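Note sheet for the following structure.
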Amino acid sequence: MKSSKRAPRRVPGRVPQRTELKPVRVRATGPADLLALVPYLLGFRPTESLVLLLIRQGQVLLTARIDLPPEELQAAVTDQFAALAGQHEAEGLVLVGFSEHDEATRSLLRAMVPQLGPHGLIDAVYADGRRWWSMTCTKACCPVEGTRYDTSSSPLAAEAVYAGMASAPGRDAIEARVSGPAAAEVDLLSRQAKDAARELGEWSERRRAREMSSLVTAFVAGPRAMSDAECARLAVLAADVAVRDVAWALIERADVDHHLDLWGQVVSRTVSPWEPAPLCLLGMAAWIAGNGALQNCCSERARRIDPGYSLVSLLDEINQRALSPSFWDVLGATLKSEIIR
């Protein structure tokens with residue numbers, strides 16, 4: 001969530017899981033381990049952020065990040081975090097404030113501690129990138145000068161990488177992935193998209209739907225680098241909502257990485273006015289893959305381009321309700337039964 005005058009908005013990030021794989025397991029034994037793990041749970045290294053970890057049976061159920069909220073939104077943020085804890089039946093939760101602004105972040109955490117205590121608060125930690133401080137511990141194990149930590153050399157970070165988890169340098173790196181083509185390429189890509197639109201505009205919706213199904217199925221069976229013309233064709237096809245939903249219904253949790261690759265390539269080569277559909281399909285694939293940071297970067301850019309676009313609202317609802325990717329098993333099956341013939 002970016003701080004604003006409207007109600008706070010969560011930006012969840014989850015440990016990626018696949019239906020054919022066991023969940024990734026790494027063991028954290030204290031704050032330093034959690035600080036090393038958070039970038040891999042979110043998918044990027046947070047700065048000036050408030051992070052919530054919900055825990056049940058010793059496992060992290062959900063990791064949510066927001067920009068450090070201004071004072072007037074702190075109560076709303078606390079209420080949201082408490083609601084999340086109840087919604088997911090968390091047995092415990094941990095707050096981490098990442099910031100170089102010492103006093104303001106400490107004050108925020110201290111204000112939230114008594115409100116979240118009844119919801120199983122385990123600890124509230126302030127981290128400035130070099131040292132961490134517990135806002136709930138007053139014992140000798142938590143010195144006044146803080147405790148040094150180094151996420152780059154943490155054994156837990158190495159375990160996370162080995163387990164296939166990834167962390168971008170910052171959220172800006174994820175935003176760059178969905179920012180579209182460079183300005184110098186727009187004219188050429190626009191011509192290709194217009195050529196595709198002229199051809200496909202003469203086709204029936206049924207034929208376009210079959211074409212979308214054929215292209216997506218072929219890519220998932222054999223992922224590869226696509227040409228600019230192929231990306232333009234997919235973007236134009238997806239502009240038709242009924243045809244877009246064919247691509248959406250084809251996403252399976254077992255092969256979601258291929259859908260991320262497909263729509264990531266399309267987003268990187270798509271120009272106006274065809275961006276919203278590929279962005280939202282990438283966002284949906286990111287949610288199903290458990291990549292909350294990528295999901296939200298997609299929905300944020302799509303919302304800036306077309307605030308009324310249908311899938312943007314659905315991505316926002318998924319975000320607000322912090323729905324697990326496992327929900328796709330039901331939603332996807334329903335969608336497939338209605339769309340794929």
Side-chain angles (χ1 to χ4, degrees), residues 1 10-19 21-47 49-66 77-78 80-98 109 112-113 116-127 132 134-137 149 151 154-168 171 174 253 256 286-296 318-328:
M1 176 184 71
R10 293 182 301 276
V11 183
R14 305 175 182 88
V15 180
Q17 298 184 9
R18 303 289 183 267
T19 53
L21 298 177
K22 294 181 180 180
V24 173
R25 294 184 185 276
V26 291
R27 184 179 296 277
T29 59
D33 284 346
L34 281 178
L35 292 172
L37 185 58
V38 163
Y40 296 93
L41 292 171
L42 292 175
F44 64 95
R45 299 185 181 279
T47 58
S49 299
L50 182 63
V51 174
L52 172 73
L53 295 93
L54 297 184
I55 299 168
R56 189 172 67 216
Q57 296 182 343
Q59 298 183 22
V60 177
L61 296 173
L62 178 76
T63 309
R65 185 210 73 91
I66 62 172
V77 168
T78 304
Q80 280 195 343
F81 283 3
L84 268 180
Q87 174 187 333
H88 291 275
E89 299 180 345
E91 296 171 353
L93 54 92
V94 176
L95 279 177
V96 186
F98 293 90
L109 293 170
M112 297 180 75
V113 165
L116 294 178
H119 298 277
L121 181 68
I122 297 170
D123 203 352
V125 176
Y126 164 60
W132 63 265
S134 170
M135 298 295 100
T136 63
C137 179
Y149 72 97
T151 58
S154 167
L156 198 69
E159 286 184 44
V161 172
Y162 183 76
M165 301 169 73
S167 172
R171 196 168 188 270
I174 300 176
R253 285 213 287 164
V256 69
W287 165 56
I288 295 165
N291 191 333
L294 178 59
Q295 171 197 337
N296 281 277
I318 288 169
N319 181 44
Q320 290 288 340
R321 296 174 61 186
L323 293 179
S324 166
S326 63
F327 186 73
W328 178 246

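Heads up: numbering here begins at 1 and tracks the sequence. Because the structure is predicted, anything quoted here is derived from the model rather than measured. All heavy atoms count here, side chains included; hydrogens, waters and symmetry mates do not.
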Checklist entry - For Tyr149 and Leu35, what are the C-alpha separation, side-chain angles and deciding distance, and is it a side-chain contact (heavy atoms from CB on, under 4.5 Å)? => result CA-CA 8 Å; Tyr149 72 97; Leu35 292 172; 3.8 Å; yes
Checklist entry - Run the side-chain contact (heavy atoms from CB on, under 4.5 Å) check on Leu116 and Phe81 step by step: do they pass? => result CA-CA 8 Å; Leu116 294 178; Phe81 283 3; 4.3 Å; yes
Next on the checklist: If you apply the rule side-chain contact (heavy atoms from CB on, under 4.5 Å), what do you find for Val96 with Leu53, and how did you get there?
Outcome noted: CA-CA 8 Å; Val96 186; Leu53 295 93; 4.2 Å; yes
Checklist entry - Run the side-chain contact (heavy atoms from CB on, under 4.5 Å) check on Ile122 and Leu93 step by step: do they pass? => result CA-CA 6 Å; Ile122 297 170; Leu93 54 92; over 6 Å; no
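Listed for the Arg171 side chain is no donor-acceptor partner under 3.5 Å among the backbone atoms of Arg45. Of the possible donor and acceptor atoms, none in the side chain of Glu91 sits under 3.5 Å from a partner among the backbone N and O of Ile55.
In this structure, Gln295 and Asn319 have side chains that are in contact, with non-hydrogen atoms separated by less than 4.5 Å. Counting heavy atoms from C-beta on, the side chains of Leu52 and Val94 never come closer than 4.5 Å.
Ring orientation note: the planes of Phe327 and Trp287 are tilted relative to one another, at an angle of 30° to 60°.
With sequence neighbours excluded, the residues that form a ring-ring contact (aromatic ring centres under 6.0 Å, His included) with Tyr126 are Trp133. Contacts of Ser134 classified as side chain to side chain contact (heavy atoms under 4.5 Å, CB included), with partners at least two apart in sequence or in another chain: Asp123, Trp132, Thr136, Cys137, Cys142.
In this structure, OG on Ser326 lies 5.5 Å from CZ on Arg253, to the nearest 0.5 angstrom. In this structure, the separation between CG on Leu54 and CD on Gln87 is 9.0 Å, given to the nearest 0.5 Å. Between Ile66 atom CD1 and Leu50 atom CG the span is 4.5 Å, to the nearest 0.5 Å. Atoms CE and OG1, on Met112 and Thr78 in that order, are 3.5 Å from each other to the nearest 0.5 Å. Note that OG1 of Thr151 is 11.5 Å distant from CG of Asp33, once rounded to the nearest 0.5 Å.
When all heavy atoms are compared, the tightest approach of Val113 to Ala124 is CG2-CB, 3.8 Å. Minimum interatomic distance between Ile288 and Pro325 (heavy atoms only, all atoms of both residues): O-CB, 3.4 Å. When all heavy atoms of Leu84 and Ala64 are compared, the pair lying nearest together is CD1-CB, 4.4 Å. Residues His119 and Ala82 approach most closely at NE2-CB, 3.5 Å, considering heavy atoms. Closest heavy-atom contact between Pro46 and Phe44: CD-O, 3.3 Å. Nearest heavy atoms, Ala322 versus Leu62: CB-CD2, 3.9 Å.
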